[in-house]
**Student:** 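Got a structure here, written out as structure tokens. Questions coming.
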Amino acid sequence: MAGKDDLLTRSAIDDALAELPDWRYRQGGLVTVYKCPTSAAALELIAAVGRIAEQQNHHPDLDWRYNRVFVRYTSHDAGSEVTQRDIRAATSASEAAAEAGAVSEPALSDG
């Protein structure tokens, strides 16, 4: 469980995002969109992110739209702010997406 002491500053978030080109900081969370080769591949990516969530005990908000998976990480137990757990989870999700052949489209998360 995270607490207020685990919150990352905006500067720390920006530093972490420099290493996570798939992700953006929006409205208190880390967000991205992955475009998968097929709808079935999108479901496989969702399953992979689900396994990561169970392993790390940190669960994202997910939205599936045909071959796109929208992902948002925030630490609800830390006031819905970004913590190191979000960075770790986003890193793992990016690795899973690369293995699934997904391409990041983080600009789609802007709207």
**Student:** Report the residues that fulfil side-chain contact (heavy atoms from CB on, under 4.5 Å) with Ala93, sequence neighbours left out, ordered by chain and then residue number.
**Tutor:**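 Ala93 satisfies side-chain contact (heavy atoms from CB on, under 4.5 Å) with Trp23, Val49, Tyr73 only.
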
**Student:** With rounding to the nearest 0.5 Å, note down the distance linking CG in Asp22 to OG in Ser94.
**Tutor:** 4.0 Å

**Student:** Looking only at non-hydrogen atoms, find the nearest pair between Pro37 and Ala100 and report the distance.
**Tutor:**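 In terms of heavy atoms, the two residues are closest at CD-O, 4.0 Å.
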
**Student:** Using the rule that Ile, Leu, Val, Met, Phe, Trp and Tyr join whenever any side-chain heavy atoms are under 4.5 Å apart, tell me whether Val103 and Tyr34 fall into a single cluster.
**Tutor:** no

**Student:** How about Leu7 and Thr83: do any of their side-chain heavy atoms sit closer than 4.5 Å?
**Tutor:**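 Yes, close enough: below the 4.5 Å cut-off.
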
**Student:** In Å and rounded to the nearest 0.5 Å, what is the OH to OG1 distance from Tyr66 to Thr38?
**Tutor:**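 These two atoms lie 7.0 Å from each other.
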
**Student:** Work out which heavy atom in Val69 is nearest to a heavy atom in Cys36; give both atom names and the distance.
**Tutor:** CG2-SG, 4.5 Å

**Student:** So, for Thr74 and Gly28, which heavy atoms are closest and what is the spacing to 0.1 Å?
**Tutor:** OG1-O, 3.2 Å

**Student:** Sequence neighbours left out, what passes side-chain contact (heavy atoms from CB on, under 4.5 Å) with Leu8? Give chain and number order.
**Tutor:** Ala12, Ile13, Val82, Gln84, Ile87

**Student:** Determine whether a donor-acceptor pair (N or O, by modelled atom type, separation under 3.5 Å) exists between the side chain of Asn67 and the backbone of Lys35.
**Tutor:** no

**Student:** Would Leu20 and Tyr25 show up in the same hydrophobic cluster when neighbours are defined by side-chain heavy atoms closer than 4.5 Å?
**Tutor:**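 Yes, one cluster joins them.
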
**Student:** State which residues pass side chain to side chain donor-acceptor pair (under 3.5 Å) with Arg65; sequence neighbours excluded, sorted by chain then number.
**Tutor:**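 Partners of Arg65 by the side chain to side chain donor-acceptor pair (under 3.5 Å) criterion, ordered by chain and then number, come out as Asp63.
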
**Student:** Which atom names give the shortest non-hydrogen contact between Arg85 and Ser75, and what distance separates them?
**Tutor:** NH2-OG, 3.5 Å

**Student:** Using the side-chain contact (heavy atoms from CB on, under 4.5 Å) criterion, which residues pair with Asp61? Sequence neighbours excluded.
**Tutor:**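 Counting only residues at least two positions away or on another chain, Asp61 forms a side-chain contact (heavy atoms from CB on, under 4.5 Å) with Arg72, His76.
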
**Student:** Quick one: do Val71 and Ile46 end up in the same hydrophobic cluster if we chain Ile, Leu, Val, Met, Phe, Trp and Tyr together by side-chain heavy atoms under 4.5 Å apart?
**Tutor:**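 Yes: a chain of side-chain contacts under 4.5 Å links Val71 to Ile46.
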
**Student:** Any pair with a residue in residues 8-20 that passes salt bridge (charged side-chain N to carboxylate O under 4.0 Å, His left out), sequence neighbours left out, goes on the list, sorted by first then second residue, please.
**Tutor:**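 Counting only pairs at least two positions apart or across chains, the salt bridge (charged side-chain N to carboxylate O under 4.0 Å, His left out) contacts touching residues 8-20 are Arg10-Asp14.
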
**Student:** Rounded to the nearest 0.5 Å, how far apart are CG of Asp86 and OG1 of Thr91?
**Tutor:**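 If we round to the nearest 0.5 Å, Asp86:CG and Thr91:OG1 are 10.5 Å apart.
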
**Student:** Return the CG to CZ distance between Leu30 and Arg24, rounded to the nearest 0.5 Å.
**Tutor:**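 One finds 11.5 Å between CG of Leu30 and CZ of Arg24.
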
**Student:** side-chain contact (heavy atoms from CB on, under 4.5 Å) with Glu99: which residues, sequence neighbours excluded?
**Tutor:**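 Testing Glu99 for side-chain contact (heavy atoms from CB on, under 4.5 Å), a comparison that skips the adjacent residues, returns none.
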
**Student:** According to a hydrophobic-cluster definition based on side-chain heavy atoms being under 4.5 Å apart (Ile, Leu, Val, Met, Phe, Trp, Tyr only), do Trp64 and Phe70 belong together?
**Tutor:**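 As far as the 4.5 Å side-chain criterion goes, Phe70 and Trp64 are not connected within one cluster.
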
**Student:** Find the distance between CD (Glu105) and CZ (Arg68) and round it off to the nearest 0.5 Å.
**Tutor:**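 CZ of Arg68 is found 4.0 Å from CD of Glu105.
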
